[in-house]
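Worksheet: the structure to be examined is printed underneath.
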Amino acid sequence: EIDDSRPKFYQLEMLPYPSGNLHMGHVRNYTAGDVVAWFKRLKGFNVLHPIGWDSFGQPAEDAAIKRGVNPRLWTEDNIVSMRGQLERLGVSYDWRRQMAAHRPEYYKFDQWFFLKMYEMGLAYKKMTQVNWCEYDQATLSNEQASGGLCWRCGNPVTKKNLEQWFLKTTAYADELLDGLDEIESGWPPAVVKRQRDWIGRSEGAYVDFEVLTPGLSPQRHGGETRNLVRVFTTRIDTIYGANAIVIAAEHPIAEKFRDEFSDAVRVKIDSIHEEKLKPTDYETEIEKDGIDTGLKAVNPFSGEELPVWIGNYVMMEYGTGAVMSVPGHDERDFEFAKKFGLPVKPVITVQNSDSGPSERDESRTLSEPLTDYGVMINSGEWTGTTTEEAKVKMAEFAREKGFGELATTYRIRDWGISRQRFWGSPIPIVYCDSCGVVPEKFENLPVELPDTAPFTGTGESPLAKVPEFYETKCPNCEGPAHRETDTMDTFVDSSWYFFRYTDPTNEILPFSEDVAAYWTPVDQYIGGDDHAVMHLIYTRFWTKVMRDIGLVKFDEPVKRLLTQGMVVGETFFDDESGKRVYYPPDTVEVTRDAKGKITEARSTDGKRLKHAIERMSKSKGNGVDPDEMVDIYGADAARLFIMFAAPIEHELVWNEAGIEGAVRFLQRVWRLVLKWKDALGRTATAAEEPAERTRQLRRKTHQTIKRVTDSLESLQFNTPVAALMELTNAISDFEVDPVEANEDERHAIREAMTGLTLMLMPFSPHVSEEIFSILVGNEHGAIANGARFPEYDASLAKADEIEIPVQVNGKLRSRIFAAPESANDQLQALALEDEKISELVAGKDVVKIIVVPARLVNIVVRG
RNA sequence: GCCGGAGUGGCGAAAUUGGUAUACGCACCAGACUCAAAAUCUGGCGGGAGCAAUCCCAUGUCGGUUCGAGUCCGACCUCCGGCACCA
């Protein structure tokens, strides 16, 4: 499909939401991406570097609610102005490939994927308790409600019962986990770890306990239905220590026997229910609560009858919603037992080297639970078995007897994608009175959004108030029917957008398999780590689905991932009103401690101010916005500084003074070009026997080429800038009058200047292209001129003579000069001959001499 | 509470992965140019002692391994981030 002999490189950055303004975080992200794209291009790769818009979502709808503007027009306007900002920054995007999620030609394929997943049984609808953000009036997926706070506004999340569509991410739980092994080497360890934790696989066993109802005889042998409560445990070896079964308030058993419970039990169940709907406060630990239902459950291993409790600490959503309580070997159960005076029975002992298995009184109350692995005691025929062995054998035994089995559970849940929102991709489902739930036909896609809808901001689907939208024909029987009025989570759009860039105008498929096969997977992805468990899990899931559909042939969409740190600024607030004080902070007087942390801040008129470090943005009053910065300093300096100021993965506290340094540097380079301009125009070749000063300059040039190349290959952006500054200093120090420069000198300078220009180009492309046009005498641009990143020549980088430190007993005492390839015994001899060294060594025993070639000599003496 | 990561000048940070600690930049100080200022250029800039050559001490703290530790190991302290009763 694509005829290009160059190797391909797909450089991708996380697409922005078109809010209307770039912030400094974007600048950092997109500059880093552009540096890589330029570098690879200059290295001879066929580079794909696209950008698009994550243009569905809440702010557009908020603008519609607050200001009555049409979300589509608002969004399109914002795209135009933000594209302008990116262009002013000079980010080298292929604008022909630009996508925007809100356009029907794109979201058509969100719907296409949804229908595919519906066919595959990966999309389903159910009534469930969802995460709900009261502030945003919006549903959130588990990933978006991680930490109990809304990912968008940071407010606490509550729960709400809603019917909603899910995508079965759990079907790929194992693959999502195991796939991390494949990409681990190219992803930040923190992201990999967070994904592992999020997926949360745990190996254990299911055990069925038979429930006995009070007043009724056990229905063990009769033909009547037995009531079983299934428990998940990772510690089946502790089952003889169970003192109760604890179930969640929402557990089906609790529903089923509700009428037989005492009033006190019913009241407790309802109060636990209510508590769960409240926003979680993570500051205070929730106290354990519960009540004995009066039901009994039979421990299938011991035959013992255990009470069945309701417990507020048991989650219906994880495992089976029921646990066996083993207070002797589990912290939570221990706490629960202590509070309600339940018996604690130790059944595991830790082998102690001196005392052997300790003898424990069965009824003794322990001061704390023993959660370590060990050997079983008080466990009938299993006594003496080790934990490791029992975990497998007891589950196996349970399976044979029909009351349990080995089991694996996951923390990750299916992805709830229904949103009661207007500004999203409509879910292509039709409800028909006679046919039920009917998927829309592929040929009827896209299900298009109406131009507008009544916006209330109350969390109800605006589309449910637009009859022209929801009134439709059943795709099956053609009878009257109505459409689903919820739209999809916007994370659906960003799950596959970067595949669309490869084939942006395809009207039949999301993208053609062949074109995508050339460009994907993504070679380098750059974005914020706030998406570690949202976007980055979803897109991995989506890729596996696309593989199963047959659109791609690989499992993982992103080979290498770089997460850049936030750009933050110091924000000041009026202590009383809480109002933000405007940047620049010369209206603020600040006292700092030794570490530079603010201890006190006052406004110049004496008011006390609060302060905080916050994500930098103009609206927060803690920094300039990109447009102002480009106006004041220019795009090149802004880009250079943001790359130079700190390692890319570090948080960057904005500092206005530093950027002046970048401006100065670029001006210095420019002055050097002007100084040498005329001399550089005359062709020159290197001398056969060059003078020392030109050898020195060429050495610095080639050392710099190596440093910059290596740094960029390993995605370091601050150190190559430092190296370029050093090279610039070396060119400055080259004290030759341009008018009188000989051919050899002109050649060395030309090499240094050309190298500097091309290496600077990824960081500061405008001035670099300008300089390049002076160097080549035309204005076609570096790539069009076939320019390549300079190649490192090891023989030129090598020094004739290097300085080698000499240590005595590991302490630096002197330096010698020698050729880098000097043999060890030569270096040793030189070191011993050295005046200072011979003095220090005189009269002492030389025990040993360590020589590291071209590095150092260390003389170990005694006496 | 559990799990990660990080502590290097006044500040942002380098350090070829165990081999000259503090590159590069910011800020600051001094000098040159200027009537003056800005810009630019030159020099200085971890702490201590000394006229000096030079020496001693410094990479959060304490210990260890090693000829040699910012880097490896152990314990602790501090800060930042993640998770939130996951059975």
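Not measured: the values here are computed from a predicted model.
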Base, sugar-phosphate, or nothing: which does [X] touch, judged by heavy atoms less than 4.0 Å apart?
{"X": "P647(A)", "result": "sugar-phosphate"}
{"X": "A657(A)", "result": "sugar-phosphate"}
{"X": "S146(A)", "result": "sugar-phosphate"}
{"X": "N718(A)", "result": "sugar-phosphate"}
{"X": "R815(A)", "result": "base"}
{"X": "G319(A)", "result": "nothing"}

Using nucleotides 67-71 of chain B, report all nitrogen or oxygen pairs with the protein that are shorter than 3.5 Å.
{"from": "C67(B)", "atom 1": "O2'", "to": "N858(A)", "atom 2": "ND2", "distance (Å)": "3.3"}
{"from": "C67(B)", "atom 1": "O2", "to": "N858(A)", "atom 2": "ND2", "distance (Å)": "2.4"}

### Message
Could you tell me how far apart L840(A) (CG) and U54(B) (P) are, to the nearest whole angstrom?
### Response
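These atoms are roughly 13 Å apart.
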
### Query
Does the distance from a Lys or Arg side-chain N to an Asp or Glu carboxylate O, for E287(A) and K339(A), drop under 4.0 Å?
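Salt bridge flag = yes for K339(A) with E287(A).
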
### Query
Are R201(A) and D174(A) close enough for a salt bridge, meaning some N to O gap below 4.0 Å?
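Yes, charged N to carboxylate O under 4.0 Å.
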
### Query
Closest nucleotide of RNA chain B for M316(A) versus for S732(A): which of these residues is on the 5' side?
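The residue closer to the strand's 5' end, by nearest nucleotide, is S732(A).
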
### Task
Assign each of P805(A) and E651(A) to its nearest nucleotide of RNA chain B by heavy atoms, then name whichever residue's nucleotide is nearer the 5' end.
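Final value for this comparison: E651(A).
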
Return yes if the base of [N] and the side-chain atoms of [X] contain a donor-acceptor N/O pair under 3.5 Å, otherwise no.
{"X": "Q667(A)", "N": "U40(B)", "value": "no"}
{"X": "R855(A)", "N": "U16(B)", "value": "yes"}
{"X": "K288(A)", "N": "C85(B)", "value": "yes"}

### Query
Using Watson-Crick and G-U wobble pairs with both distances under 3.5 Å, what is the 5'-to-3' dot-bracket string of RNA chain B, with [ ] for crossing pairs and | for pairs outside the strand?
(((((((..(((......[....))).(((((.......))))).((((....))))..(((((..]....))))))))))))....

Show me the protein contacts with nucleotides 45-47 of chain B, counting only N or O atoms at under 3.5 Å.
none

